[in-house]
Peer 1: 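Questions regarding the structure given below will be posed in turn.
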There are 2 protein chains.
Amino acid sequence: MRRNVNAEGSWASIHAMSLPHAILGVLEARPMTGYELCRFFDGTARWVWTAPQSQIYPLLRKLEAEGWIEGEEQVRGERLKRTNYSLTAAGMDELRRWLGEPHAEPAVRDGLLLKSLFFDLADPDEAAQVLEQHVAELRERIEQWSAHRTALLARDTPLLKERLDHRPAETHERIARLKAHAFDHLIDQAELRIRWCEQTRELLHAPVTTPEAAARA
Amino acid sequence: MRRNVNAEGSWASIHAMSLPHAILGVLEARPMTGYELCRFFDGTARWVWTAPQSQIYPLLRKLEAEGWIEGEEQVRGERLKRTNYSLTAAGMDELRRWLGEPHAEPAVRDGLLLKSLFFDLADPDEAAQVLEQHVAELRERIEQWSAHRTALLARDTPLLKERLDHRPAETHERIARLKAHAFDHLIDQAELRIRWCEQTRELLHAPVTTPEAAARA
DNA sequence: ACATACATGTAAATGGTTACATGATTTA
DNA sequence: TAAATCATGTAACCATTTACATGTATGT
């Protein structure tokens, strides 16, 4: 993640922060207003990266100061200025640089796994309920991811269409497949996790055995 | 995650913060000093939850103020006080309460997946290298998780031994299996991710096809 | 004696969340 | 004309990370 200290002193550190590049990547499809980006990171793409308004608006000004995006000022009503941001050449360079930069996988920090580590102290039925509720949530996510995956493969999402409009036709198949494959992983991960939850439930309700009985079995 | 506002005003919010309960869970095995906990969260258990000293020491004072742990003061050298923290009955109650509380899965925020979403803009060889390096890192983690899993099943980790010392013998098998199963999931997850990386590499280097050729295939 | 491990903290910055605030435009 | 959506921000807080600071006990 090693990003150089820049003149203004922004971004001196080596963090996993990906939102700036997520924004650059989205703007590669087409220019957008802050509001559109807000909806995007709270809606369509919620399941790859999420961000609230309060994070996006200040970031946009930062990215513009960096020269990676450019806002086009428009007069609205009497005095409101509305800015439409587009990716600059420098922004595209930065996006490509980030893509080639090694990925620093953050340390595992999984609240449910942590909980499961101490499930022997809990009421088995309560623990099982925690797992069941989690499985239900995962199934919902899978449904939405699957729908998005299908749409991507059919090149039927608004953003992908706009993106493909300025890319050679012979690359379209590859682009759609690559994007869909990210969602493949989200789906497979969630399905793996559902199986793990079910196995954990079995362990919770397994009959208590003495060490001798376990050795015999 | 809904935690009540307490008299002193600490922890009013609804965050996914699990470190306090991770500490309570570790102290259930036996009393520890802050330093031991630091080593633990930076060493043995690194792959379930991680935390630096600067987070642990202040938290310990907070947890003691809350009444969940109790520090035993000891004179060291001339004036240094060393405190050995143990879980209180109230701490055990809080741990059990947390275990039964529904798990709030955080929004997906996967830097590598995000990157892969834009890999069509990158040099395929550079992108493949990012994936290869990630696979290497995952393989290392798998090795360490596997070793820990095996040790848990053999009831051969220092902490598990101490934990089992104050639990009925007929529960030992279940406890060891439950703990090992958390590491099963970490391993399976990483293996799934390795397969995804390899599939992504294939997609990166797949021959470019025209829509017509793709339709024919 | 010197290095390493033991032991405990503080300070500053970052990324992210929640809540608050405001006004314009469109639609029912 | 009222509600919903468009549009843009600020303030405060929390968890986490990095870096800094200090002193003791132990083993070589």
Side-chain angles (χ1 to χ4, degrees), chain A residues 1-3 5 9-23 32-43 46 49-64 71-85 104 106-109 111 114, chain B residues 1-3 5 9-23 32-43 46 49-64 71-85 104 106-109 111 114:
Chain A
M1 285 284 147
R2 239 143 295 259
R3 205 178 286 111
V5 189
S10 11
W11 292 323
S13 47
I14 352 169
H15 284 114
M17 170 190 56
S18 298
L19 182 58
H21 299 98
I23 290 176
M32 282 192 194
T33 66
Y35 185 70
E36 278 179 293
L37 283 164
C38 286
R39 272 187 317 171
F40 193 83
F41 283 96
D42 191 42
R46 162 153 56 210
W49 207 271
T50 313
Q53 291 180 11
S54 57
Q55 218 183 340
I56 289 172
Y57 284 110
L59 228 186
L60 286 173
R61 270 175 279 129
K62 247 184 160 181
L63 293 176
E64 194 170 28
E72 154 202 337
E73 306 215 342
Q74 287 184 342
V75 187
R76 268 292 186 102
E78 266 304 309
R79 52 161 112 122
L80 194 72
K81 280 180 290 185
R82 174 175 166 265
T83 45
N84 201 49
Y85 293 99
V108 176
R109 199 169 278 131
L114 182 70
Chain B
M1 287 283 146
R2 238 143 295 260
R3 204 178 288 108
V5 188
S10 13
W11 290 323
S13 47
I14 353 169
H15 283 113
M17 172 189 56
S18 297
L19 182 59
H21 298 98
I23 290 177
M32 281 193 193
T33 67
Y35 184 70
E36 279 179 292
L37 282 165
C38 287
R39 272 187 317 171
F40 193 84
F41 282 95
D42 191 43
R46 161 152 57 209
W49 207 271
T50 312
Q53 291 180 14
S54 56
Q55 217 184 341
I56 289 172
Y57 284 110
L59 229 186
L60 285 173
R61 270 174 279 127
K62 247 185 162 181
L63 293 176
E64 193 171 28
E72 153 202 339
E73 305 214 343
Q74 288 183 341
V75 187
R76 268 291 186 103
E78 264 306 308
R79 52 161 113 122
L80 194 72
K81 280 179 290 182
R82 175 174 164 265
T83 44
N84 201 51
Y85 293 98
V108 176
R109 197 169 280 130
L114 182 69

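Just so we're clear, the structure is a prediction, and the values are computed from it rather than from any experiment. Labels below follow one simple rule: chain letters A, B, ... track the order of the sequence lines, proteins then strands, and each chain is numbered from 1.
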Peer 1: Rounded to the Å, how far apart are A:E64 CD and D:dG9 P?
Peer 2: 10 Å
Peer 1: Can you name the residues that form a side chain to side chain contact (heavy atoms under 4.5 Å, CB included) with A:E72, not counting sequence neighbours?
Peer 2: A:Q74, A:N84
Peer 1: For the atom pair CG (A:D42) and CG (A:L37), what is the distance rounded to the nearest 0.5 Å?
Peer 2: 12.0 Å
Peer 1: Using atom CE of A:M32 as one end and atom C1' of D:dT8 as the other, report the distance to the nearest whole Å.
Peer 2: 17 Å
Peer 1: Phosphate oxygens OP1/OP2 of C:dC6: is one of them under 4.0 Å from a side-chain N or O of B:Y35?
Peer 2: yes
Peer 1: Rounded to the nearest angstrom, tell me the gap between atom CD in B:Q53 and atom P in D:dT18.
Peer 2: 13 Å
Peer 1: Think A:R39 has a side-chain N or O under 4.0 angstrom from the OP1 or OP2 of D:dT8?
Peer 2: no
Peer 1: Indicate the atoms forming the closest heavy-atom contact of A:W49 with B:G111, along with that distance.
Peer 2: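 Distance-wise, the nearest heavy atoms are CZ3-N, 3.7 Å.
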Peer 1: Side-chain N or O of B:Q55 versus OP1/OP2 of D:dA15: is the shortest distance under 4.0 Å?
Peer 2: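 For B:Q55, the contact criterion (side-chain N or O under 4.0 Å from OP1 or OP2 of D:dA15) is not met.
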Peer 1: Considering only heavy atoms and no angle criterion, is a donor-acceptor pair shorter than 3.5 Å present between the side chain of A:S54 and the base of C:dT18?
Peer 2: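 In this structure, the two groups form a donor-acceptor pair.
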Peer 1: Could you give the CD1-to-P distance, from A:I23 to C:dG16, as a whole number of Å?
Peer 2: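 For the pair A:I23 CD1 and C:dG16 P, the rounded distance is 10 Å.
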Peer 1: Does B:Y85 or A:P52 map to a spot on DNA chain C nearer the 5' end, using the closest nucleotide for each?
Peer 2: B:Y85
Peer 1: Give one of base, sugar-phosphate or nothing for B:E36, where a contact means two heavy atoms less than 4.0 Å apart.
Peer 2: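 Nothing, no nucleic acid heavy atom in range.
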Peer 1: What integer distance in Å separates A:I56:CD1 from C:dT17:C1'?
Peer 2: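 That distance rounds to 13 Å.
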Peer 1: Which nucleotide wins on minimum distance to the side chain of B:L19, given the candidates D:dT16, D:dA7, C:dT17?
Peer 2: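 The closest nucleotide is D:dT16.
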Peer 1: Rounded to whole angstroms, how far apart are CG on A:L37 and P on D:dC6?
Peer 2: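 Rounded to the whole Å, the gap is 14 Å.
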Peer 1: Quickly work out the A:L59 CG to C:dG15 C1' distance and round it to whole Å.
Peer 2: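 About 10 Å, once rounded to whole Å.
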Peer 1: Whole-Å distance between D:dC14 P and B:K62 NZ?
Peer 2: 7 Å
Peer 1: Would you please name every residue forming a side-chain hydrogen bond (donor to acceptor under 3.5 Å, both in side chains) with B:E36, sequence neighbours left out?
Peer 2: B:R30
Peer 1: As an exercise, state the distance from CZ of B:F40 to CD1 of B:I23, rounded to the nearest 0.5 Å.
Peer 2: 11.0 Å
Peer 1: Go through C:dG16, C:dT8, C:dT10 for me and flag the one nearest to the A:W49 side chain.
Peer 2: C:dG16
